[in-house]
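The figures that follow rest on heavy atoms only: side chains count, while hydrogens, waters and symmetry mates do not.
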Amino acid sequence: MSLPRDERQQRSLDRLARYIKEAEEILASWDAYSDQHTDADGWPHDPTAYDTRQRRRDADTWRAFTRIRSTAASYLLTTDRQLRQLPGTAAAPQWAWQLKELRTSLDAIHTLQAVWLATLNTPPKPTVPGTEAWAETQAERNAEAWHHLYTWAGHGHAVLDIHTAAQYPRAPTVPATTAVAPTPVPRPAPISGRPL
């Protein structure tokens, strides 16, 4: 039995929220490591250990993103439609730009994955899991993708925010500079000379 559309959509958005949180935690852990293992100029104390830790950051972020990679394009299609239907006062000015950044990054992620898969099958013999060649090509893909993966962590909130705005749109408001002063209500004339 399949889930109702709204419930499927909510679960999908929950996965996006989990990715954002996980990617932020991965970055915070990396920043703490980097601060402790570099000198004042940013050079690592142990370049080999630093490179290994950076590769782990990239791999962890890639792994986290794989849970939403197949649905990321549908987030953007749905969110584009929702954004176009929102009243102007309910849309944040940066949302359109953030969706463009997400789309550009998703295209780059898909391209990097396709290139990596093609590289694995390049003659004279395919690269197989567990080999050094496999690990190197995978690390290269992850490193090149990391900026785009982090773009999804940084701007993915726009997808969630637009969805919320579409569910609970605010009524358009009249800007204060163009508000019309209320018309005074005339008081009825007194009857028989008595004040009201």
Side-chain angles (χ1 to χ4, degrees), residues 9-80 82-83 91-117 119-120 129-130 132-166:
Q9 184 180 27
Q10 189 55 54
R11 286 188 180 189
S12 181
L13 292 169
D14 290 345
R15 283 193 299 274
L16 173 59
R18 277 195 302 275
Y19 167 72
I20 293 168
K21 183 177 187 292
E22 192 172 346
E24 288 171 348
E25 289 169 354
I26 292 166
L27 179 62
S29 176
W30 164 253
D31 286 345
Y33 175 88
S34 184
D35 289 346
Q36 293 173 3
H37 294 87
T38 55
D39 63 21
D41 294 326
W43 293 99
H45 301 304
D46 180 347
T48 302
Y50 191 86
D51 181 57
T52 299
R53 180 63 181 79
Q54 189 170 28
R55 284 179 175 216
R56 191 173 96 205
R57 175 204 70 184
D58 300 343
D60 289 348
T61 309
W62 179 274
R63 194 173 306 107
F65 190 76
T66 58
R67 291 190 291 273
I68 65 165
R69 188 163 45 100
S70 64
T71 55
S74 68
Y75 295 148
L76 297 176
L77 288 172
T78 300
T79 307
D80 277 338
Q82 289 172 326
L83 185 57
Q94 72 274 13
W95 285 347
W97 172 80
Q98 287 175 304
L99 293 181
K100 181 178 178 281
E101 292 295 306
L102 291 172
R103 192 171 299 102
T104 299
S105 288
L106 184 61
D107 289 345
I109 291 165
H110 287 318
T111 299
L112 289 167
Q113 176 69 357
V115 168
W116 179 66
L117 291 172
T119 301
L120 296 179
E132 183 65 26
W134 173 280
E136 283 304 311
T137 59
Q138 188 178 51
E140 186 177 311
R141 176 207 62 192
N142 295 347
E144 289 180 29
W146 189 82
H147 167 76
H148 302 292
L149 298 170
Y150 189 67
T151 295
W152 269 82
H155 295 309
H157 288 288
V159 171
L160 303 173
D161 294 343
I162 292 167
H163 174 75
T164 301

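Judged as a ring pair (Phe, Tyr, Trp, His ring centres under 6.0 Å), and not counting sequence neighbours, the contacts of His37 are Tyr33. With sequence neighbours excluded, no residue forms a side-chain hydrogen bond (donor to acceptor under 3.5 Å, both in side chains) with Thr79. With sequence neighbours excluded, the residues satisfying side-chain hydrogen bond (donor to acceptor under 3.5 Å, both in side chains) with Arg103 are Asp80. Listed by chain and number, the residues in a ring pair (Phe, Tyr, Trp, His ring centres under 6.0 Å) with His155 are Trp97 (sequence neighbours excluded). Residues that satisfy the side-chain hydrogen bond (donor to acceptor under 3.5 Å, both in side chains) test with Lys100, not counting sequence neighbours, are absent from this structure.
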Give the C-alpha distance, both sets of side-chain angles, the deciding distance and a yes or no for side-chain contact (heavy atoms from CB on, under 4.5 Å) between Arg141 and Trp62. CA-CA 9 Å; Arg141 176 207 62 192; Trp62 179 274; 3.2 Å; yes
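Between Ile109 and His148, the shortest heavy-atom contact is CG1-CB, 3.7 Å. Shown here for Ala59 and Asn142, the closest heavy-atom pair between the two residues is CA-ND2, 3.5 Å. Taking each heavy atom of Gly156 and Ile20 in turn, the nearest pair found is C-CD1, 3.5 Å. Nearest heavy-atom pair across Glu24 and Ala153 is OE2-O, 4.2 Å. Between Asp58 and Ala143, the shortest heavy-atom contact is OD2-CA, 3.4 Å. Closest approach of Ala165 to Trp95, counting heavy atoms only: CB-CH2, 3.8 Å.
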Run the side-chain donor-acceptor check on residues 63-72: report pairs under 3.5 Å with partners two or more places apart or on a different chain.
from, atom 1, to, atom 2, distance (Å)
Arg63, NH1, Asp60, OD1, 2.9
Thr66, OG1, Arg63, O, 2.6
Arg67, NH2, Glu22, OE1, 2.3
Arg67, NH2, Glu22, OE2, 3.4
Thr71, OG1, Ile68, O, 3.2
Thr71, OG1, Tyr75, OH, 3.4

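Taking CH2 from Trp146 and CG from Leu27, the interatomic distance works out to 5.0 Å, rounded to the nearest 0.5 Å.
When atom types are taken as modelled, the side chain of Ser29 and the backbone of Glu25 share no donor-acceptor pair closer than 3.5 angstrom. Of the possible donor and acceptor atoms, one in the side chain of Trp152 sits under 3.5 Å from a partner among the backbone N and O of Leu102. The closest donor-acceptor contact from the side chain of Asp39 to the backbone of Asp41 lies under 3.5 Å.
No salt bridge links Asp14 with Arg18; every basic N to acidic carboxylate O contact stays at or beyond 4.0 Å.
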